[in-house]
Amino acid sequence: MSIDEATNRALGLHHTVPTAIADLVDNSIDAGARNVLVRFVQAGPQLTALRVIDDGRGMDSATIASAMRYGRGRTYAGREQGHFGVGLKAASLSQADTLTVVSGAAEHDPVARRISVVDSQDAPVPEEVTPEFAAAAFERANPRFPLHSGTIVEWRRVRTFPRADGSAAGSVWVETVIGDLQDHLGMVFHRFISRGLSIRIDVFDEKIGRAGAPRAVRAIDPFGYQRTGDIGYPRTLELTDPTGSSAIAHIWPARSPAPEYKLGGLPGRDKQGFFVYRNNRLLQAGGWNGVVRARPEWGLARVAIDLDDALADHVTINPEKSGITIDATVAQSLHTAMADGYLTDAEEVARAARRVESRPVTVVEPGAGLPDEVIDEFTDTFAFVEAADAVQIGWRVLAADRFFEVDLEGRSLWLNARYRRRVGGRRTTGIDVPLLRTLVFLLAQEMFDGVRHSSRQTERIDAWQRVLLAAMAADEESA
């Protein structure tokens, strides 16, 4: 299938490092790999490359030439993870200017191909790679598992690597991305990992020729609760014609701290909705796709959908394989299937947990000025002072020696608008910098539990002001 070069480049436009690497892992799975290693390469403190190494079937000269021919795609069988036919190139060149692939198939010598981008607007240029280079690269790969056959994908001149010199920036970036990769790959490929696929991540120093300890990617099953939130679930939702397909509705137990619920460390309610799989690979992690609008009280509701041939005709997968679009037929079918009490049941489980759960910490209730999800977490976590009205949080120009002001009469906590930009605030929203708003509210909320401040409380407020202003000044000096 011939693909226009501009379209080919556009397919990877919205990739991140985790989604791009997931696309490479798709190829490893299609090649029958049992082991995949994601390796960050550095020379001393400087990051130089990224490699994905697998022990799949590998490719011979003809196969790798076809796979690396820019502007051409391949056709995938129905059970393969590939979808657009250009994932290797689009994913890699979304992150790096040079892509090298080295592969060895049974009874064939290792072979290699390379393409590079000189200008972001130009098509990639193929470069000559000698058989000696391919043999040496395959020999010294040392991925911690036997490499009788397999493939090495290497990115050089990676645009997303930190540019700052020195070990601190690079180390922080690598640690952050490794954590993101463990979360993303563990969720996307959780069904494969639970069935024996090993994905590991390490950092290799070219100067000393040694890799650090590998980090395992563990399966993160979005439906991996120990007990259901409602005895009637999971329950099959039968979708109406024309698909004749089905989905599985789940209700998580309330207040779960499990990483399978708090995906990526985010509040679990943020991942309510549809979890869509194709060939056991997760394509979408939450979201209702316009079928219904997300509501905090439906935070325990997750629906597993496996795309069969009938459903696939009504679904468009985005190029990064991190989301889908459904047509009106499937949207209506899902809406009808969930109308039989599912979301009401999920809401009742959440409501019942709030009624019976002990909440020993008492705070003044926050009002306007925090995002809905933060307010919901306050409601779930704390008991509110019954005699105290809610407190709104906002910006107001205060004296330069004040970071915040406690307005008892107006039931308002004001942050000094003089410093709004300096702390990352924006004038376009009334709930900007929610972390700062929440921290200052937690610090000062007890000052609203009364009709006047004692001299001791006034002293404490003044002391907090001085420390916060000093911290802000120190932050500016270190920037």
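Bear in mind that the values here come from a model prediction, so they are computed numbers and not experimental data.
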| said: With a 4.0 Å cut-off on N to O distance, would you call Lys262 and Asp270 a salt bridge? | reply: no
| Strictly under 6.0 Å, is that where the ring centroids of His250 and Phe223 end up? | yes
| Would Phe404 and Tyr419 count as a close aromatic pair, with their ring centres under 6.0 Å? | no
| Side-chain H-bond candidate by donor/acceptor type, Trp155 with Gln95, under 3.5 Å | no
| Side chains of Ser455 and Thr458: do they bring a donor and an acceptor to under 3.5 Å? | no
| said: Main chain of Met447, side chain of His453: is a donor-acceptor contact present, judged purely on distance under 3.5 Å? | reply: yes
| query | Is the closest basic N to carboxylate O distance between Glu405 and Arg402 below 4.0 Å? | reply | no
| query | Between Asp97 and Arg156, is the closest basic N to carboxylate O distance under 4.0 Å? | reply | no
| task | Return the orientation label for the Tyr233 and Tyr342 ring planes: parallel under 30°, perpendicular over 60°, tilted otherwise. | result | tilted
| field | Ion pair Arg466/Asp401, N-O distance below 4.0 Å | value | no
| So, Asp306 and Arg281, do they make that salt bridge, N to O below 4.0 Å? | no
| said: Would you say the rings of Tyr261 and Tyr225 are close, in the sense that their centroids are separated by under 6.0 Å? | reply: no
| Cationic N near anionic O, under 4.0 Å, Asp202 to Arg144 | yes
| request: Look up atom CD1 in Ile317 and atom OG in Ser322, then write down how far apart they are to the nearest 0.5 Å. | output: 11.0 Å
| query | Does Arg140 come within less than 4.0 Å of Glu206, counting only side-chain N to carboxylate O? | reply | no
